[in-house]
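See below for the structure under consideration.
Computed from a predicted model, the values in this text were never measured in an experiment.
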Amino acid sequence: MGTKQLSSSINEADVRRADTLAREIFSDVANKWALLIIDALGERTLRFSELRDGIENISHKMLTQNLRMLERNGLVERTVHPVVPPRVEYTLTEPGRALRATIDGLCDWTHRHLGHIEASRHRFDG
């Protein structure tokens with residue numbers, strides 16, 4: 001997917017329109033791995049291996065792809081320390097921390113409504 005050029009049009013921020021930068025960003029960050037990475041980082045700085053170990057079932061490839069995407073979108077900062085072997089650390093930027101607050105709300109919503117959703121699934125599948 002190509003990068004959309006930011007325009008002064010208010011429509012560029014409309015996530016419902018397929019041809020907007022907002023939709024592209026929404027699509028990038030609204031996936032389970034991105035959400036879990038942002039949640040795992042929280043207020044901390046973590047190395048790649050710490051992130052991989054902290055997110056169950058994430059592959060090396062998926063973690064790499066999502067960290068690159070989050071860095072590209074300015075939500076994660078990657079710091080390479082000039083040591084041997086290289087030490088790479090990841091931390092949330094200010095916009096990343098702001099998005100984390102939204103993700104925390106989604107996690108809270110999930111916990112509050114888990115019983116209802118589980119019961120609904122049981123009725124639907126039964």
Side-chain angles (χ1 to χ4, degrees):
M1 179 184 301
T3 300
K4 309 286 186 280
Q5 294 298 315
L6 186 60
S7 71
S8 60
S9 170
I10 191 73
N11 291 334
E12 193 60 30
D14 187 349
V15 296
R16 294 167 294 180
R17 290 186 45 161
D19 62 343
T20 63
L21 179 59
R23 170 74 74 88
E24 185 179 331
I25 295 166
F26 187 81
S27 178
D28 281 351
V29 299
N31 77 71
K32 70 178 176 182
W33 298 125
L35 297 175
L36 290 169
I37 290 166
I38 292 167
D39 185 60
L41 280 170
E43 299 296 324
R44 303 177 295 171
T45 297
L46 296 174
R47 296 177 72 170
F48 185 92
S49 60
E50 292 172 316
L51 276 168
R52 189 183 60 230
D53 293 345
I55 302 171
E56 192 170 314
N57 291 333
I58 192 167
S59 69
H60 187 280
K61 177 183 175 183
M62 289 281 48
L63 182 55
T64 298
Q65 286 177 351
N66 278 275
L67 283 169
R68 287 180 182 163
M69 174 274 297
L70 292 168
E71 183 181 8
R72 178 175 182 256
N73 284 313
L75 303 174
V76 167
E77 182 178 317
R78 179 178 181 261
T79 304
V80 180
H81 298 276
V83 295
V84 178
R87 190 174 89 230
V88 181
E89 296 177 328
Y90 298 89
T91 190
L92 293 177
T93 62
E94 183 57 38
R97 287 190 297 275
L99 179 56
R100 183 170 177 264
T102 300
I103 293 167
D104 286 347
L106 181 60
C107 291
D108 291 343
W109 174 88
T110 303
H111 290 133
R112 274 194 317 275
H113 299 287
L114 191 62
H116 171 81
I117 294 167
E118 188 175 37
S120 181
R121 285 182 169 194
H122 186 285
R123 283 190 308 274
F124 185 88
D125 295 342

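Within 6.0 Å of atom CZ in Arg16, 12 or fewer heavy atoms from other residues, nucleotides or ligands are found, so the atom counts as exposed in its surroundings. Summarising the local packing, NE2 of His81 is surrounded by more than 12 heavy atoms from other residues, nucleotides or ligands at distances under 6.0 Å.
Between Ile58 and Ile37, the closest side-chain pair of non-hydrogen atoms falls below 4.5 Å. In this structure, the side chains of Thr91 and Leu41 stay at 4.5 Å or more apart for every pair of heavy atoms. At least one side-chain heavy atom of Asp39 sits less than 4.5 Å from a side-chain heavy atom of Asp104. The side-chain heavy atoms of Trp33 and Ile55, taken from C-beta on, include a pair separated by under 4.5 Å. Proximity of Thr79 to Thr45: side-chain heavy atoms (C-beta onward) are nowhere separated by under 4.5 Å. Counting heavy atoms from C-beta outward, Tyr90 and Val76 have side chains that approach closer than 4.5 Å.
Shortest non-hydrogen contact noted between Leu92 and Arg100 is CD1-CD, 3.9 Å. Listed here is the closest heavy atom pair of Glu50 and Arg47: OE1-N, 2.7 Å. Contact record, Leu46 with Ala40: CD1-O, 3.7 Å, taken as the closest heavy-atom pair. The two atoms that bring Val80 and Arg78 nearest to each other are CG2-NH1, 3.5 Å, heavy atoms only.
Between Arg23 and Asp19 there is no salt bridge, since none of the side-chain N atoms of the basic residue sits less than 4.0 Å from a carboxylate O of the acidic one. With respect to the salt-bridge test (charged N to carboxylate O, under 4.0 angstrom), the residues Arg97 and Glu94 qualify.
Under a hydrophobic-cluster definition in which Ile, Leu, Val, Met, Phe, Trp and Tyr are linked whenever side-chain heavy atoms come within less than 4.5 Å, directly or via other members, Ile103 and Trp109 are assigned to the same cluster. Cluster membership check: Leu70 shares its hydrophobic cluster with Leu106, using side-chain heavy-atom separations under 4.5 Å among Ile, Leu, Val, Met, Phe, Trp and Tyr. Residues Val29 and Val15 are members of separate hydrophobic clusters, defined by side-chain heavy-atom contacts under 4.5 angstrom among Ile, Leu, Val, Met, Phe, Trp and Tyr.
Arg87 CZ to Ser49 OG: the interatomic distance, rounded to the nearest 0.5 Å, is 11.5 Å. Between the CZ atom in Phe26 and the CG atom in Asn31 there is a gap of 11.0 Å [rounded to 0.5 Å]. Taking CG from Leu99 and CG from Leu35, the interatomic distance works out to 7.0 Å, rounded to the nearest 0.5 Å. Here the straight-line distance linking atom NE2 of His122 with atom CD1 of Ile117 works out to 15.5 Å at 0.5 Å rounding. If you take CE on Met69 and CG on Leu67, they are separated by 8.5 Å, rounding to the nearest 0.5 Å.
The main-chain N or O of His116 is never found under 3.5 Å from a side-chain atom of Ser120 such that the two would form a donor-acceptor pair.
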